[in-house]
Structure formats: structure tokens, C-alpha cells
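Note sheet for the following structure.
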Amino acid sequence: MSNMLEALRGRIAEAMTRSFGAAAVGADPMVTPATDPRFGHYQSNAAMGLAKRLGRKPRELAAELVAAARLDDLCLPPQIAGPGFINFTLRPETITEELRHRLADERLGVAPVSPARRVVIDFSSPNIAKELHVGHLRSTIIGDCLARVLEFQGHAVLRRNHVGDWGTQFGMLIAHLQDVCPEALEEGGSVDLGDIVAFYKEAKRRFDADEEFKARSRGEVVRLQSGVPEAVRAWKALCDQSRRQFDEIYRRLDVRIEERGESFYNPFIPETLNELDALGLITESEGARCVYPEGFVNKQGDPLPLIVQKSDGGFNYDTTDMTAIRYRVRVEKADRIIYVTDAGQAIHFAMIFAAARKAGWLDGARAEHVPFGMVLGEDQKKFKTRSGETVRLKDLLDEAVARARAIVDKKNPELPGKRRAEVADTIGIGAVKYADLSQNRISDYVFSFDKMLALTGNTAPYLIYAYVRVQSIARKGDIDYGHLDPAALSTLETPEELELGRALLRLPEVIDVVARDLMPNRLTDYLFDLSQIFSRFYTNNRVLGDPRQTTRLALCDLAARTIRLGLSLLGIRVIAEM
Ligand code: ARG
């Protein structure tokens, strides 16, 4: 019974069918965490819902429900309020008993889901030879967090990097490569092409300025697409160069992801298009082959197409995404497919999903787009360096770590150098991630080193500090949290003990919500709340040397472990001292 919300839902649903029979079957028990804890911990609006169905007064129904529900082991007698709300307050004994369980539970009361699903998460997905920019950073951080949460729940998660590694731009890149680094085209040749983004810019400059170069580029696209070994080797060299730069960022961010670039789906394009054609979903328009999902029109009211084959026979982003979604369902047997990209691609994905649904590919699977807003500078404009260049991720992470280092140097100069570097890394990278994840992802977010590294407020350093504080209590009292005996916990008593106990109990509910809504900020809000509650508890309740020491140490330990687990689901590590 570690998820109190679920337990209450179950009990109310049962009471509803027991008291009202068929009329209540399938009715929602409508239990939610209470917004005002003075009136209880949870609230149910079930009586209001039933009143509509049964044509009776909600307050009366609420009273009948309360009489019928078997809640004594969980709650104090429920209170009926206002037009018919039912308020539940957990018994201190119930809270304490659950904490006893958690003390010995690695998963802190979060049961693995059943049945587990197969979930594809398509995230990060930068483009070869282009900058891995702050938009990709958001996708990487958010996608990794969602993957961690769903993995923790026990789902089989396929982390997919849908790298932009195919397309006409490779023509000019290969042509340029032939001129500046012919060795790269030789068999077995592995070369360092240096800054691949600068390489891209130079190729593009030549492409725009030089007709002969442009013609050669077009020829190279054709050679690549028909598999000419030399062109393929050049393409591989370009991909390798970018991959090294991407991998360096993933390593620093501690993000695991499997590359399944656009090119991976090339062999499956013909069967995908054949199937769409056989289903009658392909319409020809000015030589191009299009799918028109229902309900999508442009400003003039004309239907919007997904172009699955261009008039020159070539394939594009739409083709690959149609092929990928089919592959994910048919071959990878995904039950849920999650795409994490900027909000600007919302229509693209809505159209892909609509077309896939029409083709019957989503009959047993759910596809979701997880959009996010832009990263802004402190001037509220698009995030740029002072000289107006796009910010390189490497520089951004370096600066976060350097600033964290300056803070650590000042706060704890006694810490040995190696430990200090580790702490700075954990805090710097953690702060960047946390700042991103703690925003409602839909809105644009203002990137501010000062704010994200602040030791107070809703930041990674504040949460990590709360964790460190608990560890230092143990050091001071020479305590080993691992040896606390659950049976030695006495029932929670003080308002702060109870508030903290209650907050700890919410973890399983919060994880459910994050997994359902794919909103990491629900988890950060919870952790911030929990840390503040812990802080109130610690300020007002003496721990070491108090007669209630064991119980309070257990609360400290559970708070720290809950924060550590929560942060780990955000992809953030903790440290024992700072
Ligand atoms: N490469 C794309 C970009 O940089 C993102 C790809 C997202 N995934 C997908 N299946 N379309 O915008």
C-alpha cells in the first residue's frame, strides 16, 4: 500500500460500486492530493460525479460513501465539506508504518508497473555536420529524464538518437571533402576533419557561390544514394567526425543513447510507401507523392501534405518519420513512442501521427510529441554569445562547471583538489540540467548561470545541499543510517515530523504523474517542496541527542534518499559533502 493515492482511489471505487451498484460502475473516484493540507491530505469529488448520474444531492451521497468506505486503517474519519467534497487525513500510524517499510526499501515505495511496456523515446537527435545547439540540449536533458523515469518504473525503454545523417546537404559536404581532405575518401582512411561545423559553413559558402561546385555536389548526392563506395566512405567520415563531438557531450551529461539515424530507415522506405499506396493513402501532386492526413490545412484553407517522395524521386524528413514510426511499431513492437523536440515541430508530428493512425500502425500503440519552448538569454532574446554567435554546448558546460568551482573554492577551501573538481562538475552540470527540467517545458526558458547556481531557491545546488546536510548529521553524530532499525521508529508526533512524513509518502504518486504527463517539472516541484519541508523540520525538531533521535534520524535518512533518488531520475548525481 505504498501509493496512498492509489489505495484511496481503490477504496472509494469499491465503496461506490458496493453502495450504488451499476450506476457507479466505471465512475471515477476522483481522488486528488488536497491543495490545502489544513483540511486533509487528499480529497475526493466522487459525490459530485455521482450526483449527476443519480440525480441526488451530493452531500447526501458523500455521507453514504463515507459510511460505506472501509478506510479505518488508512485515515481518520473523513470530513465532508462544502457542496460534497470528502477530505481524507492519513493516520499518523499509517504514515509511520509506511516509513518503516521504506527504510528497508531501495525503491522507496515505488512499485514496478505491471504490465511493463516497450517505450521508444526519440530524443536529442542532432544533425551531422551541424551544431549540437541548445535546442538539442533541451531535448537531450528532457528525453534522458523521461527515459530514466520510465525505466525506473520498469518499462523497457529504447533510447533512440534520430540523428540527421542523410539528405541532399551531404552532396556539398562530400564535394568539399574531396578537395580539402582526399585521404578521407580512401579505403581504411580515418582522419580528423577538425571543427566539423566550420567545415559545413565553408562547404555551404562554396555551394552558394560556385556553380561548378554546386553541380558536382548534386552529382555526389546521387553517387551516395546509389551506394558508390567512395561516396559512402566520405559520408561515414563526416558522420564519425560529428559523432565524436556528440559523444563527448553525452559523456559529460551522463546520457546513454543509441544512434538510429535517419539513414537507418532507408532500406524500409520502399515497403512503407508500398503499404501506404496499397491503403490508398498516397495522392500524386505536381509529381510528388503525398499523404494528406485529415484536418490539416494551411492559411488559405488548402489541405497540407506530408511529402513522402519528392518530384525528383528523393526522400525527406517526412518519409523517414513515416518509415520510422512504422518500424517502431512493427519491428520494435513499441507500445508507446515519445518524440522530444522543440514546439516548432508540433504540426509535423501531429501529421505523422494522424497519417500513421490512418494506416493502422497506431492501433495498439500510442504516439506522443513532447514539445518544449526556446532557450532565451537574460535579455529575453534567442540565446546567443555576447558577440552574437550561437553558444557552443561545450563552452556552456565548461562555464557552468567553472562557476560552480568558484563557489566551491569559496565555500569549502579545505576540500582536497580532486574532490573539489568532482563537486564542481556535479554541481555545474546538475545545475544546467535542473534549470531546464524545473521549467514547465512548454514555455520558453531564460538561461541564467546566476539563477541556476544559486544555493537557495528551486535549484540543483539547493537540493544537493539538503542531501549533504543529512550526511553531515550522520558524521557529526557518528551514525550509520544503514543500521537504523525500522521497528525502533515511534509514531510521528510533531507537526513537522508529520508534515515531512506525509511529503515522503507522496513520491510514488509523483512518479506516476511524471510518467503520465511527461512533465519533469512535477518531479522538481516535489523535490523542492520536500527539501523546504525537511528544512522546516530540521530547524524546529532537534535530531541528535533528542529522545526521539531514532525516529528523526529515519526521517532525515528517508528525506536524503528520496532526494537522491529523485535527482537520479533527473540525471543528477549527489555528493556527500560540499
Ligand atoms: N534532427 C531533428 C532536428 O534537429 C530532430 C529529429 C527529431 N526526431 C524525429 N524523429 N523527427 O530538428
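Numbering starts at 1 and runs along the sequence shown. Counting starts at 1 for both ligands and their atoms, in listed order.
- Shown in contact with F349 at under 4.0 Å from a heavy atom are these atoms of ligand 1, numbered in order with element: 9 (C), 11 (N).
- If you look at V163 next to ligand 1, there are no close heavy atoms at all, none under 4.0 Å.
- When only interatomic distances are considered, the shortest N/O to N/O separation between S125 and ligand 1 falls below 3.5 Å.
- Heavy atoms from other residues, nucleotides or ligands lying under 6.0 Å from NZ of K214 number more than 12.
- In this structure, A203 and F213 approach most closely via the heavy-atom pair O-CE2, 3.6 Å.
- Remark: ligand 1 and D342 share no N or O pair separated by less than 3.5 Å (distance only, no angle test).
- Annotation: atom 8 (N) of ligand 1 to nearest protein heavy atom, D122 OD1, 3.0 Å.
- Cation-pi geometry between R107 and F152 is met: the NZ or CZ atom falls under 6.0 Å from the ring centre, inside 45° of the normal.
- No side-chain donor from either of D321 and Y339 sits under 3.5 Å from a side-chain acceptor of the other.
- Proximity of T320 to ligand 1, defined as any heavy-atom pair under 4.0 Å, is not found for any part of the residue.
- Any N or O atom pair closer than 3.5 Å counts here, and E262 shares no such pair with ligand 1.
- Using a cut-off of 4.0 Å between Lys/Arg side-chain N and Asp/Glu carboxylate O, D240 and R243 are scored as salt-bridged.
- Here is the list of ligand 1 atoms found below 4.0 Å of a heavy atom in Y339: 10 (N).
- The closest non-hydrogen atom to atom 12 (O) of ligand 1, taken over K130, R160, Q345, comes from Q345.
- Residues Y265 and T272 have side chains that never bring a donor and an acceptor to within less than 3.5 angstrom of each other.
- In terms of protein heavy-atom proximity, atom 4 (O) of ligand 1 is closest to H136 NE2, 2.8 Å.
- Between Q245 and I196, the shortest heavy-atom distance links the atoms OE1-CG2, 3.3 Å.
- Atoms of ligand 1 found under 4.0 Å from any heavy atom of Y317, numbered from 1 in the order shown, are 2 (C), 5 (C), 6 (C), 7 (C), 9 (C), 11 (N).
- Salt-bridge formation is not detected for the pair R573/E422: no Lys NZ or Arg NE/NH1/NH2 atom is positioned less than 4.0 Å from an Asp or Glu carboxylate oxygen.
- Less than 4.0 angstrom separates some heavy atom of T341 from each of these atoms of ligand 1: 7 (C).
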